[in-house]
Amino acid sequence: MSDLQKQVQKAIDDLVESQSERGMQVAVYQHGELVVDAVAGIADPSTGRPVTSDTPFYNFSIVKGAAASLVHILVERGFFGYDTPLVDLWPEFAAHGKQKVTVRHVLSHTAGVPGIPLDTTMEDLCDWDKMCAAIAASELWWEPGTKIGYHAYTFGYLVGEILRRATGKKISQVLLEEVSGPLGVGKELYFGMPRSEHHRLAVLEDAQAADAGVFSGMRPDLPMFKAGPMSLMPTAQLGNRADILAADIPAGGKTSARAIARMYAALLGEVDGTRLIPQARLREATAVAMSGTDEIFGMPTKWALGYAIGGLGSGSASDSVFGVGGAGGSFACGDAATGIAFAVTKNRLTSEFSAATRLSQLVSDALHAR
């Protein structure tokens with residue numbers, strides 16, 4: 001066992017023992033090799049089932065990175081381009097003057113359609129056609145490409161419908177055929193997860209009372225509160241529902257840390273003979289596409305094509321780190337400069353990223369010192 005594996009194991013054991021966390025996974029790849037695969041704690045407190053390396057966690061937005069990666073794979077194959085207007089694939093999307101929205105705008109969160117109807121229910125989220133029809137019928141919040149704002153729920157439906165119109169397949173099928181299957185993690189990385197597999201999931205819990213939740217302390221005048229109903233904010237109640245877990249809602253997904261880290265490793269280079277996209281495509285996909293003040297959340301933000309730019313801790317200023325964090329404190333990313341892919345998953349939903357930041361710092365200090 002490497003020193004780094006021991007250090008990470010001790011850090012997550014301490015987090016669980018101190019009751020800051022319930023169950024956790026940390027996985028790190030460097031240059032295609034798995035160098036850390038650490039787990040701690042409990043997946044399901046009601047039975048005492050422990051977390052194992054292959055336990056999937058519904059960690060919300062970290063799996064947006066997989067949705068984006070599917071787009072890059074299909075662009076590389078010539079199915080469509082980054083500058084293809086959505087209406088070329090999805091004519092109904094043209095309603096209310098949205099003809100100029102391109103695939104690039106969707107990936108960079110600049111499309112101007114960040115909102116879902118305020119009366120959307122949890123059941124609606126599971127109804128693919130209903131959600132896509134609502135987004136196609138929506139009005140622009142800004143001229144595409146001129147502003148940036150996190151498309152929390154709509155990103156997943158937009159990407160998934162682009163893929164469906166281009167290939168005739170559901171996004172979960174494309175994921176299995178192009179990413180999770182070839183990488184050998186078909187039972188660890190999902191959008192919609194078959195109900196027969198739900199018994200393997202980590203059970204989520206809120207660190208705070210659900211009414212405080214991960215977005216407590218946000219200013220009530222933020223546009224975020226107009227972008228979707230508060231009842232659909234990422235909470236344990238939402239994330240433990242069987243219908244939500246079974247549905248394709250590609251704004252998030254279920255994954256183990258090692259599965260999503262393996263995906264980032266296979267974007268950076270070869271993993272056991274599989275590379276998802278060539279180096280030139282990776283460079284284009286991970287170059288900064290847009291930065292500015294997020295129109296929805298009001299903080300500074302910087303996006304490439306489907307990945308946020310900048311890591312955690314001392315890596316936050318790095319333009320070579322690309323990935324997506326998840327509500328509740330999970331995080332997954334790759335670093336094009338160092339060849340490191342990193343992921344942390346957890347089932348206690350916190351409103352901050354202190355655990356992931358600490359673990360990311362530990363890993364980067366150790367691997368950069370080599």
Side-chain angles (χ1 to χ4, degrees), residues 58-64 67 95-98 101 105-127 130-159 204-241 243-244 247 249-253 290-303 308 324-331 349-353:
Y58 185 20
N59 272 175
F60 302 107
S61 290
I62 63 171
V63 185
K64 276 189 172 80
H96 302 299
K98 297 195 298 295
V101 176
H105 294 143
V106 169
L107 291 173
S108 59
H109 293 268
T110 63
V113 283
I116 57 173
L118 290 175
D119 58 358
T120 304
T121 64
M122 292 192 196
E123 291 78 9
D124 292 338
L125 291 179
C126 304
D127 185 334
K130 183 172 186 176
M131 292 306 296
C132 288
I135 294 164
S138 67
E139 298 188 16
L140 288 170
W141 287 36
W142 60 79
E143 185 66 22
T146 62
K147 293 179 178 178
I148 185 165
Y150 191 52
H151 286 49
Y153 270 115
T154 60
F155 179 89
Y157 297 110
L158 290 164
V159 165
L204 303 178
E205 59 185 61
D206 297 309
Q208 297 114 322
D211 57 347
V214 269
F215 292 104
S216 57
M218 292 273 194
R219 294 198 334 261
D221 60 339
L222 276 178
M224 177 186 101
F225 297 109
K226 297 193 195 79
M230 297 295 2
S231 56
L232 300 185
M233 289 295 166
T235 60
Q237 185 212 353
L238 178 123
N240 289 327
R241 276 177 63 127
D243 56 351
I244 294 277
I249 305 172
M290 183 79 169
S291 60
T293 299
D294 189 292
E295 293 289 318
I296 311 303
F297 290 103
M299 78 295 187
T301 190
K302 190 186 287 185
W303 281 82
V324 188
S330 58
F331 199 80
L349 304 178
T350 55
S351 58
E352 34 67 39
F353 289 86

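When reading the values below, keep in mind they use all heavy atoms of this one structure, side chains included, and skip hydrogens, waters and symmetry mates.
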Minimum-distance pair of heavy atoms, taken over all atoms of [X] and [Y]:
X      : Y      : answer
Tyr153 : Leu232 : OH-O, 2.7 Å
Val101 : Pro144 : CG2-CG, 3.6 Å
Ile62  : Ser330 : CG2-OG, 3.4 Å
Ile249 : Leu125 : CG1-O, 3.5 Å
Trp142 : Lys147 : NE1-O, 3.0 Å
Ser138 : Ile135 : OG-O, 2.7 Å

Determine whether a donor-acceptor pair (N or O, by modelled atom type, separation under 3.5 Å) exists between the side chain of [X] and the backbone of [Y].
X      : Y      : value
His96  : Ala137 : yes
His151 : Val113 : yes
Lys98  : Ala136 : yes
Ser108 : Met290 : no

(request) Write out all pairs satisfying salt bridge (Lys or Arg N to Asp or Glu O under 4.0 Å) with one or both partners inside residues 131-145, taking only residues at least two apart or from two chains. (result) Lys100-Glu143

(request) Among residues two or more places apart or on two chains, list those pairs meeting salt bridge (Lys or Arg N to Asp or Glu O under 4.0 Å) that have a residue in residues 114-126. (result) Glu123-Arg241, Asp124-Lys130

Spacing of [atom1] belonging to [X] relative to [atom2] belonging to [Y], to within rounding of 0.5 Å:
X      : Y      : atom1 : atom2 : result
Glu295 : Thr301 : CD    : OG1   : 11.0 Å
Met224 : Asp294 : CE    : CG    : 11.0 Å
His105 : Leu140 : NE2   : CG    : 10.5 Å
Cys132 : Leu158 : SG    : CG    : 7.5 Å

(request) Decide yes or no on side chain to side chain contact (heavy atoms under 4.5 Å, CB included) for Val159 and Val106, but give the supporting numbers first. (result) CA-CA 7 Å; Val159 165; Val106 169; 4.0 Å; yes

(message) Please determine whether the number of non-hydrogen atoms from other residues, nucleotides or ligands lying under 6.0 Å from atom CD of Gln237 exceeds 12.
(response) no

Under the side-chain contact (heavy atoms from CB on, under 4.5 Å) test, which residues partner [X], sequence neighbours left out?
X      : result
Ala308 : Trp303
Ser61  : Lys64, Tyr150, Val324
Pro250 : Trp128, Ile171, Phe191
Ala236 : Leu204, Asp206, Asn240, Leu349

(request) Evaluate the side chain to side chain contact (heavy atoms under 4.5 Å, CB included) criterion for residues Ile116 and Met131: first the C-alpha distance (whole Å), next the side-chain angles of each, then the deciding distance (0.1 Å), finally the verdict. (result) CA-CA 8 Å; Ile116 57 173; Met131 292 306 296; 3.7 Å; yes

(request) Walk me through it: do Ser291 and Ile148 pass the test side chain to side chain contact (heavy atoms under 4.5 Å, CB included)? (result) CA-CA 7 Å; Ser291 60; Ile148 185 165; over 6 Å; no

(request) Measure the shortest side-chain to side-chain distance between Asn59 and Phe331 over non-hydrogen atoms and say whether it is less than 4.5 angstrom. (result) no

